[in-house]
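Contents: one structure, followed by commentary.
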Amino acid sequence: MDNPGARQGVHSTGGRVMGARRDALIAALYGPVGWPRARRVVERLRGHLPPGGSLLDLGAGTGHTGVLLARQGWAVTLADAPPHPGAWGQRLIAQPAARHLARQAGLRRVLSPGPLPFPDAHFDTVLLAFVLHHCPDPPGVLREAARVARRRVLVLEDVTGDGQRPGRLARVLDALVNLEAGHPHAQRSHADWLRLFGALHLTVHARERWTSREIGVPTGHVLYDLRPAGP
């Protein structure tokens, strides 16, 4: 006797297997780009992260940075928002790669379109690595990061060498590299970031500047090592 329920279960299982294989293929193809980028970020974080502890990689993207930090002993959770309609890079590359890497590494991965599903002061560290300028509401995202952080919030952002908001060319290239139509272009100047941190009662403990040439164009960056307000 035909069993529709069993047939549906086979189809569902087959779909999951095919999806996992597709994710693995995308992760493998993107690996030569994702792993070197993640290693550069982790190297930059080295002086600002004490060994061990819990860490939320908020806006984890492809997941490569979070996996490298987990290999170094951090208890990492990956978190992201569902991609908006124009976020082709997120939908086609980042999300599949992150699903695969999280499965392989045994990491928890959360997709949350609104408030984070964690209690206050839940993580020792919250990392926002080149995330906020992709967000339509940077203050809201940073406010949530500060809420769930117990010890520090690490923000990496693009800022010119003289502290200005990246110019039009840099913003266009950022959107192209990330395959993102409808990019919010929420980059800010150094002074504007400081004002935002102050408004959210985040104290700048340290900061570090550097310049990269990943796509042949000099791009300035800043790492802000922030401390949330005490209880």
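Starting from 1, each residue takes its place in the sequence as its number.
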| said: Under the rule for salt bridge (Lys or Arg N to Asp or Glu O under 4.0 Å), what residues qualify as partners of Arg171, not counting sequence neighbours? | reply: none
| request: Determine the minimum heavy-atom distance between Arg103 and Ala20, stating which atoms define it. | output: NH2-CA, 3.5 Å
| field | With Pro50 via side chain to side chain contact (heavy atoms under 4.5 Å, CB included) - residues at least two apart | value | Trp74, Arg152
Output side-chain donor-acceptor pairs under 3.5 Å for residues 105-116, partner residues at least two apart or in another chain, one line each.
| unit_1 | atom_1 | unit_2 | atom_2 | d |
| --- | --- | --- | --- | --- |
| Arg109 | NH2 | Gln95 | OE1 | 2.5 |
| Ser112 | OG | Gly114 | O | 3.4 |
| Ser112 | OG | Pro115 | O | 3.0 |

| note | For Gly31 and Pro36, the nearest pair of non-hydrogen atoms, with its separation, is O-CD, 3.6 Å
| Any chain of hydrophobic side-chain contacts (each under 4.5 Å) joining Tyr30 to Leu92? | yes
| field | Heavy-atom closest pair, residues Gln90 and Gly61 | value | NE2-CA, 4.1 Å
| said: Once side chain to side chain contact (heavy atoms under 4.5 Å, CB included) is applied, do any residues pair with Ala191, and if so which ones, sequence neighbours excluded? | reply: Ser189, Arg195
| request: Return yes if some donor-acceptor pair links the side-chain N/O of Asp23 with the main-chain N/O of Arg99 below 3.5 Å, else return no. | output: no
| Is a salt bridge present between Glu43 and Arg46, judged by a nitrogen-to-oxygen distance below 4.0 Å? | yes
| field | Side-chain donor-acceptor pair present, His221, Glu157, cut-off under 3.5 Å | value | no
Name each donor-acceptor pair under 3.5 Å that joins a side chain in residues 196-203 to protein atoms two or more places apart or in another chain, with its distance.
none

| Flag side-chain contact, heavy atom, 4.5 Å: Asp158 against Val222 | no
| With hydrophobic residues grouped by side-chain heavy-atom distances under 4.5 Å, do Val148 and Leu142 end up in a single group? | yes
| said: Quick one, Gln164 and Val159 - any side-chain contact, counting heavy atoms below 4.5 Å? | reply: no
| field | Joint hydrophobic cluster, Leu25 plus Ile93, side-chain heavy atoms closer than 4.5 Å | value | no
| field | Asp225 side chain reached by Val204 side chain, heavy atoms, under 4.5 Å | value | no
| Closest contact, heavy atoms only, Arg44 versus His48 | O-CD2, 3.6 Å
| Joint cluster assignment, Val155 & Val131, ILVMFWY side-chain distance < 4.5 Å | yes
| Under a 4.5 Å side-chain heavy-atom rule over Ile, Leu, Val, Met, Phe, Trp and Tyr, are Val42 and Leu49 clustered together? | yes
| request: Measure across Pro138 and Leu132 and return the closest heavy-atom pair with its distance rounded to 0.1 Å. | output: CG-O, 3.5 Å
| said: Consider side chain to side chain contact (heavy atoms under 4.5 Å, CB included). Of Leu58, Leu69, Val153, Leu56, which one does Leu127 pass it with? | reply: Leu69
| Geometric class of the Tyr224/Trp193 ring pair [parallel <30°, tilted 30-60°, perpendicular >60°] | tilted
| task | For His133 and Asp174, test the side chains for any donor-to-acceptor distance below 3.5 angstrom and give the result as yes or no. | result | yes
| query | With side chains defined as the heavy atoms from C-beta onward, is the minimum distance between Arg165 and Asp192 less than 4.5 Å? | reply | no
| remark: ring pair (Phe, Tyr, Trp, His ring centres under 6.0 Å) pairs touching residues 75-119, sequence neighbours excluded, are Phe118-His122, Phe118-Phe123
| message | Using every non-hydrogen atom in the two residues, find where Arg91 and Pro85 come nearest and quote the distance to one decimal. | response | NH1-O, 3.3 Å
